[in-house]
Amino acid sequence: MLGPAKPLAALLPYSLCLNVMANDSIKLNISGGIDGPGGQLRISGDNITVLDRANGLVLISPDNNDNLNPDLIKIRGTLTIPKGNYSLKILPDQAAGVSADERIVNQQATSDVKSRAIVTRTDIVLNDSFEFKGYDLSTR
């Protein structure tokens, strides 16, 4: 039988350790801890397939350290793309430009919800073997 519900503060801090494995090796590791509105999170991995389609293949190797504070979220790290290729044959529908008769009006959104500032610095490292082809452009 379950006892009375405990307040969230009584359940903290939380620790996290998650390993995703494939072929007997760790592909993705997420670890860290949360204590109230703050915490730390580390995400690392090696050759994780994020796109596998007829028009492209992309593998990533993330290495991130994230810090959560009551007023600020800091995301720092590196996203390495060790292997990949992508061929763009046609533009998706959402890539169409704005119609000439459409008017965009800037309006300040109002919200009563307090949000945290987010500061990011993620270096993206593209391996020399990555290839992109599309609209008469071919890179390597």
Side-chain angles (χ1 to χ4, degrees):
M1 174 177 222
L2 295 175
K6 293 182 181 179
L8 184 58
L11 300 175
L12 298 174
Y14 292 103
S15 291
L16 170 71
C17 184
L18 172 69
N19 290 313
V20 178
M21 300 182 72
N23 300 326
D24 294 327
S25 66
I26 295 175
K27 289 291 191 178
L28 178 67
N29 175 271
I30 302 173
S31 60
I34 303 274
D35 187 8
Q40 293 183 340
L41 191 63
R42 178 175 165 85
I43 302 171
S44 60
D46 189 37
N47 293 326
I48 301 165
T49 303
V50 293
L51 178 69
D52 189 0
R53 294 182 165 179
N55 62 335
L57 171 72
V58 177
L59 303 180
I60 64 168
S61 296
D63 187 9
N64 261 18
N65 287 303
D66 307 327
N67 290 308
L68 311 168
N69 295 311
D71 298 322
L72 179 66
I73 297 173
K74 286 185 184 178
I75 301 172
R76 299 276 191 262
T78 303
L79 179 65
T80 302
I81 302 175
K83 180 179 178 183
N85 63 70
Y86 190 77
S87 296
L88 181 64
K89 302 209 185 303
I90 60 170
L91 285 175
D93 292 337
Q94 66 267 29
V98 176
S99 172
D101 62 347
E102 186 171 343
R103 296 181 70 195
I104 299 173
V105 179
N106 290 334
Q107 179 180 355
Q108 286 287 355
T110 59
S111 175
D112 293 336
V113 178
K114 184 180 176 188
S115 63
R116 298 185 209 191
I118 300 175
V119 176
T120 63
R121 179 170 177 106
T122 300
D123 296 324
I124 298 176
V125 179
L126 204 57
N127 188 297
D128 288 339
S129 66
F130 188 87
E131 294 182 44
F132 173 82
K133 295 178 185 174
Y135 287 92
D136 297 327
L137 174 67
S138 181
T139 65
R140 186 177 152 127

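Since we're looking at a predicted model, the values are computed, not measured. Throughout, residue positions are numbered sequentially from 1 according to the sequence presented. Atom set for the values below is all heavy atoms of this structure, side chains included, hydrogens, waters and symmetry mates excluded.
- Residue V58 is grouped with residue Y86 when hydrophobic side chains (ILVMFWY) are merged at heavy-atom distances under 4.5 angstrom, including chains of intermediate members.
- When each of L18, N19, I43, D46 is checked for a side chain to side chain contact (heavy atoms under 4.5 Å, CB included) with L28, only I43 meets the rule.
- How far CG of L59 is from OG1 of T49: 4.5 Å, rounded to the nearest 0.5 Å.
- The shortest side-chain heavy-atom distance between F130 and N85 does not fall under the 4.5 Å cut-off.
- Taking all atoms of both residues into account, the shortest heavy-atom contact from K83 to S129 is CA-OG, 4.4 Å.
- A heavy-atom distance below 4.5 Å is not found between the side chains of T80 and N127.
- S31 contributes atom OG, which lies 7.0 Å from atom CG of L41 (distance to the nearest 0.5 angstrom).
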When the side chains of residues 67-77 are checked against the rest of the protein, which donor-acceptor pairs come out under 3.5 Å, sequence neighbours left out?
unit_1: N67; atom_1: OD1; unit_2: Q40; atom_2: NE2; d: 3.3

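- Of the possible polar contacts, none joining the S15 side chain to the G33 backbone as a donor-acceptor pair under 3.5 Å is found.
- At a threshold of 4.5 Å between side-chain heavy atoms, the hydrophobic network of Ile, Leu, Val, Met, Phe, Trp and Tyr places I48 and L51 in one connected group.
- Each of L57 and V50 belongs to its own hydrophobic cluster when Ile, Leu, Val, Met, Phe, Trp and Tyr are linked at side-chain heavy-atom distances under 4.5 angstrom.
- Note that OG of S44 is 13.0 Å distant from NZ of K27, once rounded to the nearest 0.5 Å.
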